[in-house]
Protein chains: 2
Amino acid sequence: MKNYATLKDVAELAGTTAATVSYVLNEKKGRYISEETKRKVLEAAKELDYVKCNGASSLKGKERKLIGILIPQFENQFFTRIIISSEDVFVKHGYDLVICNTLDKPERERAILNRLIQQRVDGIILTPTKEGTQNTELMRRVGMKMVVVDRPLVGLKDFFWVATNNYGCGYVGAHYLMAKGHRKIGYIGWDSKIPDLEARREAVLEVARANGAEVFVEEGEFSAAEGCRLTAKLLEQHPDMTAVFYGFNIQALGGIKCLTERNISIPEDLSVMIIGSPEWVMAGKNDFTHIDMNDLELGRKAANLLLDQIQSDDEIPFQHIIQDCTLVEGSSVCDIRK
Amino acid sequence: MKNYATLKDVAELAGTTAATVSYVLNEKKGRYISEETKRKVLEAAKELDYVKCNGASSLKGKERKLIGILIPQFENQFFTRIIISSEDVFVKHGYDLVICNTLDKPERERAILNRLIQQRVDGIILTPTKEGTQNTELMRRVGMKMVVVDRPLVGLKDFFWVATNNYGCGYVGAHYLMAKGHRKIGYIGWDSKIPDLEARREAVLEVARANGAEVFVEEGEFSAAEGCRLTAKLLEQHPDMTAVFYGFNIQALGGIKCLTERNISIPEDLSVMIIGSPEWVMAGKNDFTHIDMNDLELGRKAANLLLDQIQSDDEIPFQHIIQDCTLVEGSSVCDIRK
């Protein structure tokens, strides 16, 4: 690869010093430079395709107009929608977005945050991994503006947070199943070790308990294949189950595949409830009853909250914005009271 | 926001000069610095949470281990899969990925490329907008390593390109419809002005011509709503049409919605063929016959081709890798010869 031209290269071609080139190209004041020298420097820079390397100038506290966003799962439309809607807000305000995929791995999260701090981004939107609290420690110390989306920084209170009411997601879905007469329900979830996400399962269990219903819980990793495996397991162990509640959309995708392969008709043979609204739940012949978390609105709220911090002269108080979810009635839950 | 500590701040606290701090923190050789001073500098840097601002050091041609990727549509799983699979390759080789969304807007593409050049990334993966050729001019001049994915740099031959055989996508799909007896086909596409993408439509037209079939073409913008609108238009103007061929998956999503709302049964009333394999085409009750472009493999090939360039000591010759597509037979196309 051809190397980038340096200040020195430009200076050599222009017959002057690197310091002079720097003065001219950065339009610094305070030192006389002849028009002739200026012209030579500008021509040499053009001739050599000189591109300034960024970084150094940011030391002076200039706004970079750059926001970093860290998202853990790109195969999950919940997160790509948060990117799309927050980017829309940032772009309208003249900010550019650096999008990063942590793959839900704490060590990647740490490395990416470190890179973004070095890059002096103006702020960060983050869905933390399970070690997010430790990984954001330096950021919080140096006062990097930050909004946490979806999952919280476990153990902390003082941070900006925009999230879904996860307890509400489980609550609303379980209530609907109760109202339709279901009393033997399978629940399939992700053993994420993220307390806020576990609220989905807790809500289902509490609603069931209050209604004298049974819940068969199966939890495992966050993948379609696991959703399929856990569904098969539930079908085998609980043939009397009348409904399956999928707490996570990626597992649901695999779970529904498992049901289809076994020629189990939805909702005639088994009712299905899903948390999340990936395209497929309502596309084509699909019409699943699901809990919409209003993903796009989460991204917009997070972006606006970050911009508030960046653009305000005063320090604004920490806020937790917990957004409610909506049940979207499809045709995947049978009323078995009839 | 608390400002980041500068070299000067560290120097002040350590009771020495900024130059000395820089020597110590960058572990430069060639100048004697006492152990006592070193210790003071390191302690002061730690005390002040000094984080080096990157950029300056890259001027010296060091590898940044950073790759930029520019993708035009985040709502399109075709592209998020390219991100996922290429990132997987990069991460395994110790490279980190900066993901950028051009929103298919040439001026955004230009600004992002400029930022990435300033950031001195080691290479770039790019799906160009319609002005990609002009926008990559500087990159090509300074010798930035680059692999173009999906759409080409129109008018150029000398670049690294990994793409789908778009003509093949149209050809394979149209042939299948012919084999099932369809002779009046609607084709819905994106008026992208990107010649390579228009090959899909051209192939459908040519196959139809060779078989004495009629094709009714409707093209418009890249959105689900447009797919719905164009489908309604075709249904109205060509009630004798027996199949619809969707050239682009996002339009297909809206088109299928339009069919469902009108209670048109697929494939009994109308056959459907789709180019692309978003989750929804095979999820739940959906089982659409579609053309799989093997999105993940495109991303892997692009990443490997970029790494070859970065890691090779010699210049490697430009390559165009055109990947074939696969027809996945579902149940959305009726055999009307029977």
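Computed from heavy atoms alone, side chains included, the values below leave out hydrogens, waters and symmetry copies. First the proteins, then the strands, lettered A, B, ... as listed; each starts at 1.
Side chain of A:N286 to main chain of B:A283: a donor-acceptor pair is present (N/O by atom type, distance under 3.5 Å, no hydrogens or angles).
Shown here is B:E107, whose CD atom has more than 12 heavy atoms of other residues, nucleotides or ligands within 6.0 Å.
Heavy atoms only, all atoms of each residue included: B:R115 and A:L97 are closest at NH2-O, 3.7 Å.
Expressed to the nearest 0.5 Å, how far CZ of B:F74 lies from OG1 of A:T80 amounts to 8.0 Å. Taking CE of B:M282 as the reference point, atom CG of A:L253 lies at 11.0 Å (rounded to 0.5 Å). Distance check, rounded to the nearest 0.5 Å: CD of B:E75 to CD1 of A:I84 gives 5.0 Å. One distance of note links CD of A:Q119 with CG of B:L66; it measures 7.5 Å at 0.5 Å rounding.
In summary, B:D287 and A:K285 do not engage in a salt bridge, as defined by a charged side-chain N under 4.0 Å from a carboxylate O.
With a 4.5 angstrom heavy-atom cutoff, B:Q309 does not touch chain A via any of its atoms. Residue A:R108 touches chain B through its side chain alone, counting heavy-atom pairs closer than 4.5 Å.
Contact tally against chain B (heavy-atom pairs below 4.5 Å) for A:I256, A:N101, A:I69, A:V281: the top residue is A:N101.
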